[in-house]
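Residue numbers start at 1 and run along the sequence shown.
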Amino acid sequence: MPPIPWKRTLFVWLVIIVLESIHGVLRGFFITPFVGDWRARQLGVLIGSALILGVSWLTIRWMLAGKPAPRGALLRAGVLWTALTLAFEFSLGSALGMSWSRMLADYDLRHGGLMPFGLLILVMTPWIAAKWRGLLD
């Protein structure tokens, strides 16, 4: 079984993170004024998950060089994307002067934070996209 091309995997993550960053800016301009910051962040998890699934569906064949991949390798790619996303998100939040309590609020399920669901989808996305495209080994 051929390994996943990791350079392509990282490139797809870069596309995702750029798209998610643009999505965050646009959400601030167009959704937050109408529903408030907290509800906009909740909606952002749903919209962001759809965007990530869409990018993955569009790029999975290229990412895998057209070859089927085993589920474990696809899940490792999703874990890598998730770890990189968390590092990016918390680094950017810190650089922008956000408090840890503000950044962690999105992860608190007890108070309506939906990010754990978004991260679960991110972990699963390479596998889901490969399944949809018939690229499972």
Measuring only between side-chain heavy atoms, which start at C-beta, is [X] closer than 4.5 Å to [Y]?
{"X": "Met103", "Y": "Ser94", "answer": "yes"}
{"X": "Leu10", "Y": "Leu14", "answer": "no"}
{"X": "Trp38", "Y": "Leu43", "answer": "no"}
{"X": "Trp13", "Y": "Thr9", "answer": "no"}
{"X": "Leu51", "Y": "Ile16", "answer": "no"}

For the residue pair [X] and [Y], what are the closest heavy atoms and their distance?
{"X": "Gly66", "Y": "Leu135", "result": "O-CD2, 3.9 Å"}
{"X": "Pro33", "Y": "Gly28", "result": "CD-O, 3.4 Å"}
{"X": "Ala77", "Y": "Ile4", "result": "CB-CD1, 4.3 Å"}
{"X": "Val123", "Y": "Pro126", "result": "O-CD, 3.6 Å"}

Revision key, fill the gap. Only one of Thr125, Ile128, Leu64 passes side-chain contact (heavy atoms from CB on, under 4.5 Å) with Leu74, and that residue is Leu64
May I ask whether [X] and [Y] are part of the same hydrophobic cluster, defined by side-chain heavy atoms of I, L, V, M, F, W, Y residues being less than 4.5 angstrom apart, directly or through others?
{"X": "Met124", "Y": "Val79", "value": "no"}
{"X": "Met63", "Y": "Val15", "value": "yes"}
{"X": "Leu26", "Y": "Val18", "value": "yes"}

Check your understanding: Do the side chain of Gln42 and the main chain of Gly113 share a donor and acceptor less than 3.5 angstrom apart?
Key -> no
Review point. Any donor and acceptor pair, going by atom type alone, linking the side chain of Arg133 with main-chain N or O of Ile60 inside 3.5 Å?
Key: no
Surrounding [atom1] of [X] (heavy atoms of other residues, nucleotides or ligands, distance under 6.0 Å), is the total greater than 12?
{"X": "Phe117", "atom1": "CZ", "answer": "no"}
{"X": "Arg102", "atom1": "CZ", "answer": "yes"}
{"X": "Tyr107", "atom1": "OH", "answer": "yes"}

Gap separating the [atom1] atom of [X] from the [atom2] atom of [Y], nearest 0.5 angstrom:
{"X": "Arg8", "Y": "Thr59", "atom1": "CZ", "atom2": "OG1", "value": "11.0 Å"}
{"X": "Trp81", "Y": "Ile52", "atom1": "CH2", "atom2": "CD1", "value": "8.5 Å"}
{"X": "Glu89", "Y": "Met98", "atom1": "CD", "atom2": "CE", "value": "8.5 Å"}
{"X": "Leu120", "Y": "Thr82", "atom1": "CG", "atom2": "OG1", "value": "8.5 Å"}
{"X": "Ile31", "Y": "Arg41", "atom1": "CD1", "atom2": "CZ", "value": "13.5 Å"}
{"X": "Leu80", "Y": "Leu75", "atom1": "CG", "atom2": "CG", "value": "12.5 Å"}

Review point. For the ring pair Trp6 and Phe11, is the centre-to-centre distance below 6.0 Å?
Key: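 No; Phe11 has its ring centre 6.0 Å or more from that of Trp6.
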Review point. Can you list the steps and then say if Phe88 with Ser21 is a side-chain contact (heavy atoms from CB on, under 4.5 Å)?
Key: CA-CA 10 Å; Phe88 177 83; Ser21 296; 3.8 Å; yes
